[in-house]
Amino acid sequence: MEGKERGVVPRKIKGFRDINASLNSIRWHIIESASKVYRSYGFEHLDTPILEYADALGKYMPDSDTVDRGVYSFKNPEIEPVYQANGRELRDQDNKVVMDNHFLSLRYDLTAPLSRVYAERMWTRHLKGAIHPGKAPLFRRYQFGPVFRFETKLDPGRFREFWQLDFDSVGSNNIASDAEVCMILSEALQAIGLDKTDFRIKVNNRKILKGLLLDIGVEKEEEEQAILRIVDKLDKIGRAGVEAELGKGRKDKSGAVIPGLGLDPSRTNRIIGFIETFAELNPSRTEVLEELSSKIGNNEISKAGLEELEQIDRVLKNVGMNGDVVYFTPSLVRGMAYYTGPIFEVESTQSYTDEKGIERRVGSICGGGRYDGLVENLLGLKAPASGASIGVDRLAELMMLTGKSKGDVVSPVLITVLDQELMPEYQKIAAQLRRSGVDTEIYYGPNPGFKKLKKQLSYADKKGCPVALMLGGNELEKGVITVRNLKLGSEIADTVTDKGEWRRLTQSEVNLKDLVTHVNSIL
RNA sequence: GCCGCCGUAGCUCAGUUGGUUAGAGCGCUGGAUUGUGGUUCCAGAGGUCAAGGGUUCGAAUCUCUUCGGUGGUACCA
């Protein structure tokens, strides 16, 4: 190939991926299967832009022109009015509208854009006072697509662009809708092809731990968050690790010093003691509820949390989800601060063996919960919400690694080009096949022609084409076409070593008018 | 962000007491097969040894810096 001496160095941005046909096949299988389940519960399909105003996305605002705190942000080249909290344009002393280049961000999840959509729809009505507190309208939607996070260190299996598949209800404070989240997750994962035993839906309620922490005098939100974050690491660092991080801090294997929160031992012990009660594997929901009611004492918030779990249990039992699949795990925390009630996490129980022979797990594949305050942040009006999200890429990876799906790609029939003069014939045949629903490709590669048939068949083989068609002068005279069954050829390749024999078994001349039925019989 | 390890052909890697033209397997290209995918056999192409500086008569090899990768840890709305 001739060209310039140098060009732009082609390179992919770190943390971003090209998705090949087989990964795409799994990805879309997941999306289609789960969406169908979501729809069956009344969720409608919503799409939102990938870019949003940074301030609508959450409390994290960039303070410079660069990527900031995990979010890709930049200034809009267009200047637009600056708005005040009351919805009016900001004006300067001369009564001129103040303009600015607003910060835009790539969405980091699908929940914040949903809040924006909902708040935007309610905005005018809310300003007029037309929505009564506690009467925010119900809106249920599902959404999938890429989200973006600026991670400084990329752990294996984590990317800066990845897909999520969410469903959420806004405007319902009915705990039954939280029970429904469990039902939907369970159904969706099974529709995707997982077995009941392949995953475990873990449920907890933020209120239970919140109440416990209040009891021991933790009132500041930052302190609560810090404690929850450490408790969340229980699986990873164990009881002793949690104890150390709550108290004096610890050193890890690599020698890095992790500072502790400096809680006094009596409070640390209360927290640890509480979590430890539930450390045994999978006690039944009923057992957990009994244990909880004896442990949480008189704190109103904890009691409310327990009551919600009991409700969830009743709803689930009512639809026949008794013991398996959904478990109550009081130590479950989840990172995100905006959860206010029940929280969910789906953990894969499957493991796989990596290339080094080490047994590994993918871990959490879905997450969600109730977030009654999120829309309020935007709208100033309380709109309760809950939902969950399937980590599409994580799940796809899991299915690939555990052999649940190979990412099957359907390849076309290939029409080889033996003679450029016959191109019109090839195109006619291709059109005919496509009309009958058969994917068909004509080989438009470099230098097709007599000598390169081997190349063309090799191309078809690598691409996984089930059938190759050959039409040259010989065939044209006889009104036939040579059909090569590549699929059969691959199947018998190990048993047939003689080339001539192999060819005879997989190849036949077919009358042109019978081609479509013949090809269909092979597929 | 912090600590450790690594960076040789498209891929996986070999190559040190510093020494003439840097190797293998797979892949790729061509041929045996003048119209035929796999297998087999033969031949060939492909490397400023991550980049830049230093030490040396001489550096893939020693040293420094930067970049990239990886393992652990921290953060993750």
Side-chain angles (χ1 to χ4, degrees), chain A residues 9 11-12 14-15 54 56-62 68-71 73 105 107-109 111-112 115 147-156 158 160 162 225-226 229-230 232-233 236-237 241 245 249-259 334-339 354-356 358 367 371 373-374 377 411 414 416-419 422 443 446 448-476 482-509:
Chain A
V9 178
R11 62 214 195 279
K12 188 157 30 54
K14 205 196 317 183
L57 235 35
K59 56 186 173 180
Y60 286 86
M61 276 294 291
D68 201 53
R69 291 215 253 188
V71 185
S73 301
S105 297
R107 64 187 182 200
Y108 57 81
D109 70 10
T111 313
S115 301
V147 301
F148 304 85
R149 294 188 194 177
F150 179 70
E151 310 268 358
T152 47
K153 167 89 171 25
L154 291 158
D155 294 326
R158 299 194 74 169
R160 287 173 171 173
F162 56 95
Q225 286 302 322
R229 216 175 293 135
I230 292 166
D232 196 30
K233 290 200 273 187
K236 212 168 153 194
I237 61 179
E245 288 199 26
R250 66 184 182 98
K251 268 189 190 171
D252 71 22
K253 284 174 281 177
S254 73
V257 178
I258 300 157
R334 292 196 55 72
M336 276 168 260
Y338 59 63
Y339 291 124
D354 73 6
E355 62 279 4
K356 286 170 192 153
I358 302 166
Y371 45 100
L374 201 60
N377 289 343
S411 297
L414 188 81
T416 61
V417 176
L418 292 179
D419 185 347
L422 294 178
Y443 185 84
F450 247 50
K451 281 185 183 164
K452 300 289 183 182
L453 182 56
K454 190 186 171 79
K455 269 242 112 50
Q456 299 186 43
L457 288 172
S458 174
Y459 171 84
D461 185 45
K462 278 173 199 154
K463 196 161 170 167
C465 297
V467 170
L469 302 178
M470 290 166 268
L471 178 75
N474 306 348
E475 285 88 355
L476 198 66
T482 301
V483 178
R484 190 72 188 271
N485 188 338
L486 299 174
K487 200 169 79 177
L488 179 65
S490 305
E491 280 160 16
I492 63 171
D494 294 334
T495 52
V496 181
T497 46
D498 180 68
K499 200 147 195 167
E501 173 74 7
W502 188 48
R503 239 171 248 168
R504 237 169 289 131
L505 285 167
T506 57
Q507 188 166 307
S508 54
E509 284 188 350

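Residue numbering restarts at 1 for every chain, and letters A, B, ... go by the order of the sequence lines.
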Record whether the side chain of A/Ser490 comes under 3.5 Å of the base of B/G37 through a donor-acceptor pair of N or O atoms.
yes
Looking only at N and O atoms, is any donor in the side chain of A/Lys499 or the base of B/U39 less than 3.5 Å from an acceptor on the other one?
yes
State the pairing partner of B/G7; accept Watson-Crick or G-U wobble contacts with both distances under 3.5 Å, and report none otherwise.
B/C67
Distance between the [atom1] atoms of [N] and [M], in whole angstroms?
N: B/G68; M: B/G52; atom1: C1'; answer: 15 Å
N: B/U17; M: B/G54; atom1: P; answer: 26 Å
N: B/C62; M: B/G19; atom1: C1'; answer: 15 Å

So what does A/Arg484 touch, heavy atoms closer than 4.0 Å: a base, only the sugar-phosphate, or nothing?
base
Looking at the side chain of [X], which of [options] is the nearest nucleotide?
X: A/Met470; options: B/U36, B/C75, B/G37; answer: B/U36
X: A/Leu453; options: B/U36, B/C28, B/G38; answer: B/U36
X: A/Tyr108; options: B/U36, B/A77, B/G37; answer: B/A77
X: A/Val71; options: B/A74, B/A77, B/U36; answer: B/A77
X: A/Lys233; options: B/U36, B/G38, B/A74; answer: B/A74
X: A/Lys455; options: B/G37, B/C76, B/G30; answer: B/G30

Can you check whether A/Tyr338 stacks with the B/A77 base, using ring centres under 5.5 Å and planes within 30°?
no
Run the salt bridge (charged side-chain N to carboxylate O under 4.0 Å, His left out) test against A/Arg149 and tell me which residues pass, sequence neighbours left out.
none
